*Asks:* 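Before I ask anything, let me first share the structure, which is written out below as structure tokens.
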Amino acid sequence: MTWRHLAVRNIRHRAGTYTSFFLSSTLAVAMFFLYAAGVDHPAFSGNSGMGAVRTALGAVEVLVAVFAILFIGYAHGAFLKARQRELAVLNLIGLTPAQLGKMIHWENAIIGGASLAVGLGSGLTLARLFFLAMGKALDLDVPVSFYWPVRAMAVTAATFTLIFGLLSWRGYRRLSRWPVAELLRGAARGNKPPRVSAWLAMACFLTLGSSYVLVLWPGPRPALLRDMMQSGAYTWAVLALLAVGTYLFFSEAGGAVLAAFKVRPAVYYRGANLITVSQLLYRARDNVKILFMVSLLSTMAFTAVGWFTRTYQVVEKRAIEETPVGVQMMGMPGGLSPERVEAILSEHGLPAGAHAQFRVLRAKIAAQANAYVYLMPLSEVNRWIGTLTAAKELTVGPGQATLLVSPAYPWNPMLGAWNLDLGQGPLAVIVTGRVVTGGIFARWLGISGQVVMEDSVFERLWQTYGATRGLVANGWDLPAWRSRAAREAAGQLVIEGQATRFSQGPETVYSRPIAYSNLKAGAGMALVLAGFLSVLFFLASGSMIYFKLYTDVQEERSQFQTMIKLGLDVSEIRQVVSVQTAILFFTPVVFAVVHGTLALAAMTGDTGRSLWLPAGLTGAVFAFLYIGYFLATRGSYVRAVMEG
Amino acid sequence: MTDVLRVTGLTKTYGGRRGTVTVRALDGLSMTVEKGEFVGIMGPSGSGKTTLLHLLGTIDRPTSGHIILEGQELSDLKGLDLAVFRRRRLGFIFQEFNLLDSLTIKENIILPLALEKKPASEIESRTAELARELGILEVLSRYPYEVSGGQKQRAAAARALMAAPALVLADEPTGNLDTAAARSLMGCLEDLNVRKEATILMVTHDPVSASYCRRILFIKDGRIHAELRRGLDRGQFLQRILDTIAVSGGGCRDLATSGR
């Protein structure tokens, strides 16, 4: 008999214990792989608007790996604990540490290899089904197709080979270090309830408190905070504080509440409370670990869905911000004519909406290559705003020039003298103010700024430079901008506009239907991914609780049998089990909703009502799914206890 | 003296389904236990001692016959009633102690009264009284894995007596204890029997432990086979027990070898 044989026999003999470890490992593999495959999907990498999101997703991949390590490590620990006695006997009959090591390594290799294979296989199948379903559900123009996620497979295989190797090594070390007597005593070894420390309680209060203060800062934020927000350090700081605070909260506040029970005999000595509270205390260390991990996962899932729901929710608003006017075009010599634009629109059955235009002087910024500024006359711009948009008209005082900034792309350039070049020597324009307005086109590509000036000043410049640098901007209202016809018309406008535009000049046509459809596709993809992630995280956290309870049942069956002999009724046992299970399931949901909302506020810099819908909706869906998971888990737990 | 327990014609058979061999563990056994008695049950392996204890403890149901505890027919009880009856009228002491790992010694002891939702003050005073009686006051705040086997079993005894049950059932209580701990436990049980008038029914293999009882019933092949009553001297009683075991002959070897 070789060590491989012994390992195989062990696995066959104690199928239950091994199955539990195998399933948790498989779950972790599948989850990591699905995540990696989702992030790598070409539909996401191909979308330019997703750059920032992709960076965040990469960071989350690391988190998922850390989580997988914690999870498998936990399952492996429980697995070893359940087998201590058996391993001690092997030790007693004279297995050398090296032989014991060999056996453990073979076992880990077999289980690890199997769960890697099964995890990847089921992951691939699930991914395929998932992309199909989501593509259909969202009615995307580009279907979310299946692909062979080679990188994801390689990364998963490498990560988990490493994890299983480390676990094997840790298991061997632990077993070879513990005295045999200790191993023989097995699971009955003491599990002292943790002590609550005043220092850690204070740290908990400080971390949680400061993260709340950071997000819910009343009034204008100080400069340091604004700097942090710009660099992204702010979001990370809030998240890190929340994570640390949550862990401390579970260990300290949880311990304190249970300890408070203990010193109140009137409550503590009442019925099944005694068993419930003391079991929670007895398993406090494990409980804190699980609560923390599940809270972290739930919060990530909650935040992801909340964030992308919010993004999807504001797509229309964002499209209007980016393109305040339905179709806008810069008329230039040899370019697309306004008549042609109107002809294309009516060809697609779109009624000709209101039309407006203003003159523009295109000036180069002297010190920079390829940076241009549009100079525009006040009265014509106001006529455009009044005709085509719902924005307020602008006012520019005598001798003033105002920079227009779109709410979609807020920026804050230096005011004062701008040195411009209109082709006949340098010209200084003093920009005296900055106004955020949604009234003018959000951007023309290649344009650094739009400056509105008094009519008389503009007229003087136009006389000199109009012939060489003058252009005319045309805009049309397009009430049916969400329609398919509008999208097709806009597509044709872009194609014809590109065919006629300057070689190095600005884009000639910019339209809301195109902007809208791009934003929607991006946000839709992101929502697919977020839904995918949260389903994944949800399954993982539910399963984690399930596996923890399953492991506990093995240990506790005899305890419950004793309770039954002492006269505990089934309903009382159900009560004991219910409270423990409910705490594990629902505390994390509360944390996910509170902290997820806080994280959303931190990410969006918004603490107002706009968060209520995504937060409330996501929270409700989560709670609903968790209730189902809770009932199923509790049912099977009680059944398992009563079985013996 | 009033009967606490009255057993008549108690029979229990195992198996018998689809061609398996039927085993008759108890065969029309009858007995009574009076209030305040300390009764020992002895007999070779497979004689039906454990089955009897399980039936008395409502952990198993008889095939036929009656068990009446304080006027209550046990087979009439089901579900919640059974659980409540068990914790009010019966106390258990097991060979493996069966203390709950997650509870301290004190919490283990108070569990039966806590389940009854008795006032905390009553629970506290009763715990203190029993713990003093059994000499485990100083280990009350420890967990089961932190105390010795003898202390565990004395805690289990305290737990069994906590609700002042009609009958305490002890299943080989000294089976997992060394000689000194076994003697100390039996001394305690004897004390509780005398001073608190606890009615105790104990199954044991060990003649020394049995010699602390007032009366001993010997079971063989599922029936009462002999009965001994103790006089004043425990040493003499022990000798009579050993004699009875020797006379019982074949199948009792395991009794003789375990004598201390």
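Order of the sequence lines fixes the chain letters, A, B, ..., with proteins taken first and strands second; residue numbering starts at 1 for each chain. This one's a predicted model, so the numbers in the text were calculated from it and none came from an experiment.
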*Asks:* Which region of A/L280, side chain (C-beta onward) or backbone (N, CA, C, O), has a non-hydrogen atom less than 4.5 Å from a non-hydrogen atom of chain B, or is it both or neither?
*Replies:* neither
*Asks:* Within the side chain of B/R126, is there an N or O that forms a donor-acceptor pair under 3.5 Å with the backbone of B/M162?
*Replies:* yes
*Asks:* Only heavy atoms, only distances under 4.5 angstrom. Which residues in residues 53-69 of chain B are near chain A?
*Replies:*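 Residues in range: B/I59.
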*Asks:* Are the ring centres of A/F292 and A/Y247 closer than 6.0 Å?
*Replies:* yes
*Asks:* Should we say atom NZ of B/K196 is surrounded by more than 12 heavy atoms from elsewhere, each under 6.0 Å from it?
*Replies:*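 Buried by this count: over 12 neighbours within 6.0 Å.
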*Asks:* If we ignore hydrogens and angles and just use 3.5 Å, is the side chain of B/N193 paired with the main-chain N or O of B/A198 as donor and acceptor?
*Replies:*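 Yes; judged by distance alone, with no hydrogens or angles, the pair exists.
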*Asks:* Please look at B/L115 and chain A and tell me whether the side chain, the backbone, both or neither of the residue comes under 4.5 angstrom of a heavy atom of that chain.
*Replies:*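 Interface part for B/L115: both.
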*Asks:* Measure from the side-chain N and O atoms of A/Q559 to the backbone N and O of B/D101, and report whether any donor-acceptor pair falls under 3.5 Å.
*Replies:*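 It does hold such a pair.
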*Asks:* Name the region of A/Y268, side chain, backbone, both or neither, that has any atom closer than 4.5 Å to a heavy atom of chain B.
*Replies:* side chain
*Asks:* Taking everything shown except B/E197 itself, do over 12 heavy atoms lie less than 6.0 Å from its CD?
*Replies:* no
*Asks:* Chain B: which of A/L566, A/V267, A/I275 shares the most heavy-atom pairs with it under 4.5 Å?
*Replies:* A/L566
*Asks:* At a heavy-atom separation under 4.5 Å, does B/R88 approach chain A through its side chain, its backbone, both, or neither?
*Replies:* neither
*Asks:* Looking at A/P265, A/A272, A/S571, A/A266, which one has more heavy-atom pairs under 4.5 Å with chain B than the rest?
*Replies:*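 So the answer, after comparing A/P265, A/A272, A/S571, A/A266, is A/P265.
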*Asks:* Donor-acceptor pair, distance only, cut-off 3.5 Å: does the side chain of A/T587 make one with the backbone of A/L584?
*Replies:*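 No, the answer is negative, given that no donor and acceptor are paired below the 3.5 Å cut-off.
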*Asks:* Which bit of B/F94 is near chain A, if near means a heavy-atom gap under 4.5 Å: side chain, backbone, both or neither?
*Replies:*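 Side chain only.
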*Asks:* Please say whether more than 12 non-hydrogen atoms of neighbouring residues, nucleotides or ligands are located less than 6.0 Å from CZ in A/R634.
*Replies:*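 Enclosed: over 12 neighbouring heavy atoms sit under 6.0 Å from CZ of A/R634.
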*Asks:* Shortest non-hydrogen contact from B/Q95 to B/Q153?
*Replies:* O-NE2, 3.9 Å
*Asks:* Which bit of B/L111 comes within less than 4.5 Å of chain A, counting heavy atoms only: side chain, backbone, both or neither?
*Replies:* both
*Asks:* If you count heavy-atom pairs within less than 4.5 Å of chain B, which of A/N273, A/V570, A/I564 leads?
*Replies:*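 Maximum pair count with chain B is reached by A/I564.
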*Asks:* A/S278 side chain to A/L274 main-chain N or O, any donor-acceptor pair under 3.5 Å?
*Replies:*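 Yes: the side chain of A/S278 pairs with the backbone of A/L274.
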